[in-house]
Participant: 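Sending over a structure as structure tokens; questions will come in a sec.
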Amino acid sequence: MPHDAPTGLADDVLAWFARSARDLPWRRPGAGPWGVLVSEVMLQQTPVARVLPAYEGWMRRWPSPAELAADPPGEAVRMWGRLGYPRRALRLHACAAALVERHDGQVPDDVPALLALPGVGGYTAHAVAAFAFGRRVPVVDTNVRRVIARAVTGHADAGPASTTRDLRAAEALLPGDAATAARMSAALMELGALVCTARQPRCAACPIMDRCAWYRAGRPAGTARRRTQPYAGTDRQVRGILLAAVRDAEDGVTTTELEGLWHKGVQRNRALHSLEDDGLLVRKGDQFHLP
DNA sequence: GACGCGTGGAA
DNA sequence: TTTCCAAGCGT
């Protein structure tokens, strides 16, 4: 190709990715499908910086699904630490068990089989299929939705998620070659994470600034943010406090000790029951411990 | 489609 | 200080 030949959006994004991509452990060749799957679950709603050390520790302890499945689920919850949304740890453990039972301890390479696994939804199934196996499937996360909203649609922010529409829009950006398509998905996510960010997009550093519908329109403001849901004082916070106490204890924690951590009895009990319902806590006598 | 579900860093 | 938000999933 002549050096001055016109390039497409995909070429520009891929070229930018080639020089700007972060060196993340789950992107290295040796990560393997299990590593990719573990990273994707950890990255669900949790920033990369916080996932990095957790991922390393997890993979060192459980290099394969079979090794994780052989340990009690509570060990997964403990290892999860403060990543947040600890039900993900439980689901990842259940996922490992399902891999052993249904897939000979291997991560399947097709979307329907991935979707059937605990903790694996549309995003993660497509991400594993694309990044671990080079499948040509669109990978749509919040970054990709934002990049498409701006560059293609010309809006400041992505609207509500719409699976069918989002997948179709992302698919339209993918090159025909499967391996290149997978790289394109990673590149779009990286662009959203590093340049086309939610709060202060760095348009001057964007490889497709001159093609971006939103930029060309003068970066019109988006609609007002929805009210953020409160956290302090919610059951969610109480669950976090109570589970952290059990997680960080050697053995169990007595109900008396838990009373000291959250004084409102009705709410404390509601949180404890919901943690039991989720399988994150087990009650034995007057003690709570991990499953 | 709306909601519940953690945590902590940055602006 | 408060608010925003970070590679979603399951119900």
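A note on names: the letters A, B, ... follow the listed sequences, proteins ahead of strands, and every chain is numbered from 1.
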Participant: In whole angstrom, what separates Asp278(A)'s CG from dT11(C)'s C1'?
Facilitator: 12 Å
Participant: Please identify each residue that fulfils side-chain contact (heavy atoms from CB on, under 4.5 Å) with Val100(A), with sequence neighbours left out.
Facilitator: Ala66(A), Ala69(A)
Participant: Determine, for Asp23(A) against Arg28(A), whether the closest basic-nitrogen to carboxylate-oxygen distance falls under 4.0 angstrom.
Facilitator: yes
Participant: Is any side-chain heavy atom of Glu190(A) closer than 4.5 Å to a side-chain heavy atom of Arg27(A)?
Facilitator: yes
Participant: Nearest whole Å is fine: how far is dA6(C) P from Arg145(A) CZ?
Facilitator: 11 Å
Participant: What contact category does Gly121(A) fall into here, base, sugar-phosphate, or nothing, at under 4.0 angstrom with non-hydrogen atoms?
Facilitator: sugar-phosphate
Participant: Roughly how many Å apart are dG1(B) and dG8(C), using the C1' atom of each and rounding to a whole number?
Facilitator: 15 Å
Participant: Measure the distance from CG on Leu275(A) to P on dG4(B) and round it to the nearest whole Å.
Facilitator: 16 Å
Participant: Just to be sure I understand the rule, does Arg22(A) reach a base, reach only the sugar-phosphate, or reach nothing, if contact means heavy atoms closer than 4.0 Å?
Facilitator: base
Participant: Specify the residue among Thr234(A) and Arg199(A) whose closest nucleotide of DNA chain B lies further upstream toward the 5′ end.
Facilitator: Thr234(A)
Participant: Taking only residues two or more places apart in sequence, or in another chain, which ones meet His126(A) in a side-chain contact (heavy atoms from CB on, under 4.5 Å)?
Facilitator: Val111(A), Val137(A), Pro138(A), Val139(A), Leu167(A)
Participant: With heavy atoms under 4.0 Å as the rule, sort Ala161(A) into base, sugar-phosphate or nothing.
Facilitator: sugar-phosphate
Participant: Nearest heavy atom decides the nucleotide; on that basis, is Val120(A) or Trp26(A) closer to the 5' end of DNA chain C?
Facilitator: Trp26(A)
Participant: Would you mind reading off the distance between Leu83(A) atom CG and dG9(B) atom P, rounded to a whole angstrom?
Facilitator: 13 Å
Participant: Could you tell me if the side chain of Phe133(A) sits less than 4.5 Å from the side chain of Val36(A), heavy atoms only?
Facilitator: no
Participant: Under a 4.0 Å heavy-atom cut-off, which of residues 41-49 of chain A touch DNA chain B?
Facilitator: Gln45(A), Thr46(A)
Participant: Using a 4.0 Å heavy-atom cut-off across all strands, classify Arg239(A) as base, sugar-phosphate, or nothing.
Facilitator: sugar-phosphate
Participant: Once you apply a heavy-atom cut-off of 4.0 Å, does Ser274(A) come out as touching a base, just sugar-phosphate, or nothing?
Facilitator: nothing
Participant: If you check every side-chain atom of Thr142(A), which of dG4(B), dC9(C), dA6(C) has the closest atom?
Facilitator: dA6(C)
Participant: Is it true that, when you exclude Arg168(A) itself, more than 12 heavy atoms of the residues, nucleotides or ligands shown sit nearer than 6.0 Å to its CZ?
Facilitator: no
Participant: Base, sugar-phosphate alone, or nothing: which one does Leu24(A) contact when heavy atoms must sit under 4.0 Å apart?
Facilitator: base
Participant: Nearest whole Å is fine: how far is dG6(B) P from Leu242(A) CG?
Facilitator: 11 Å
Participant: Look at the side chain of Arg91(A) and decide which nucleotide, out of dC5(B), dG8(C), dG10(C), has an atom nearest to it.
Facilitator: dG10(C)
Participant: Nearest-nucleotide wise, let me know which of Thr163(A) and Pro86(A) is further upstream toward the 5' end of DNA chain B.
Facilitator: Thr163(A)
Participant: Mind checking whether Met42(A) and Trp80(A) have side chains closer than 4.5 Å, heavy atoms only?
Facilitator: yes
Participant: What contact category does Leu243(A) fall into here, base, sugar-phosphate, or nothing, at under 4.0 angstrom with non-hydrogen atoms?
Facilitator: nothing
Participant: Between the side chains of Glu75(A) and Arg78(A), is the shortest nitrogen-to-carboxylate-oxygen separation below 4.0 Å, so that they form an ion pair?
Facilitator: yes
Participant: Base, sugar-phosphate or nothing for Gly122(A)? Non-hydrogen atoms, less than 4.0 Å.
Facilitator: sugar-phosphate
Participant: Measure from CG on Asp277(A) to C1' on dC5(B) and round the result to the nearest Å.
Facilitator: 14 Å
Participant: Does the side chain of Arg82(A) get closer than 4.0 angstrom to OP1 or OP2 of dG8(B) through an N or O atom?
Facilitator: yes
Participant: When you measure from the side chain of Arg247(A), which nucleotide among dG8(C), dA7(C), dT7(B) comes out closest?
Facilitator: dT7(B)
Participant: Starting at CG of Leu191(A) and ending at P of dA7(C), how long is that distance when rounded to a whole Å?
Facilitator: 12 Å
Participant: If we take the C1' atom in both dA7(C) and dA2(B), what is their distance in whole Å?
Facilitator: 22 Å
Participant: For dC9(C) and Tyr123(A) - does any side-chain N or O of the residue sit under 4.0 Å from the phosphate oxygens OP1/OP2?
Facilitator: no
Participant: Say you pick atom P in dG6(B) and the same atom in dT11(C); how far apart are they, in whole Å?
Facilitator: 15 Å
Participant: Nearest whole angstrom, please: distance from the P of dT7(B) to the CZ of Arg87(A).
Facilitator: 12 Å
Participant: Quick one: CZ on Arg268(A) to CG on Leu261(A), what's the gap to the nearest 0.5 Å?
Facilitator: 9.0 Å
